[in-house]
Amino acid sequence: MRVIIRQNGLETPLMQRRLLEAWESVAGEVVAKYTTEKYIKNQTLFVHLENPALRSEVSMMKEELVRKLNNAVGGQMIREIKLV
């Protein structure tokens, strides 16, 4: 099954989808509640947070979140997180 997924070029989109779905469990319920949009482009996870104080707090945890999110999907999908 994995070979078929890889041959059809679906491995990366599936892993990106799993990474986005892992955001709530990795970042936490409170952060997820204030997350209005998230997407991946060029190995960067862009996250829109409504709460400025929370954005500041998440900013300090970016490296840890990158590591945990990549571990959650079992591969190097993102290199950084940008908060918008």
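Owing to the predicted nature of the structure, the values given are computational and were not obtained by experimental measurement. Numbers here are sequence positions counted from 1.
- Legend: residues meeting salt bridge (charged side-chain N to carboxylate O under 4.0 Å, His left out) with E21, ordered by chain and number and at least two apart, are R17.
- Listed by first then second residue, pairs satisfying salt bridge (charged side-chain N to carboxylate O under 4.0 Å, His left out) with a partner in residues 45-54 number zero, not counting sequence neighbours.
- Taking CG from L45 and CG from L69, the interatomic distance works out to 6.5 Å, rounded to the nearest 0.5 Å.
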Expected list for residues 71-84: side-chain donor-acceptor pairs under 3.5 angstrom, two or more places apart:
residue: N71; atom: ND2; partner: R67; partner atom: O; Å: 3.4
residue: Q76; atom: NE2; partner: I78; partner atom: O; Å: 2.9
residue: R79; atom: NE; partner: Q43; partner atom: OE1; Å: 2.9
residue: R79; atom: NH2; partner: Q43; partner atom: OE1; Å: 3.3

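- To the nearest 0.5 angstrom, L19 atom CG is 12.5 Å from L14 atom CG.
- For the side-chain contact (heavy atoms from CB on, under 4.5 Å) test, residues two or more places apart in sequence or in another chain that qualify with E57 are L54.
- In this structure, M15 CE and N70 CG are separated by 8.0 Å, a value rounded to the nearest 0.5 Å.
- K68 is linked by a salt bridge (charged side-chain N to carboxylate O under 4.0 Å, His left out) to E64, counting only residues two or more places apart in sequence or in another chain.
- Judged as a ring-ring contact (aromatic ring centres under 6.0 Å, His included), the pairs with a partner in residues 43-84 (not counting sequence neighbours) are, in order, Y39-F46.
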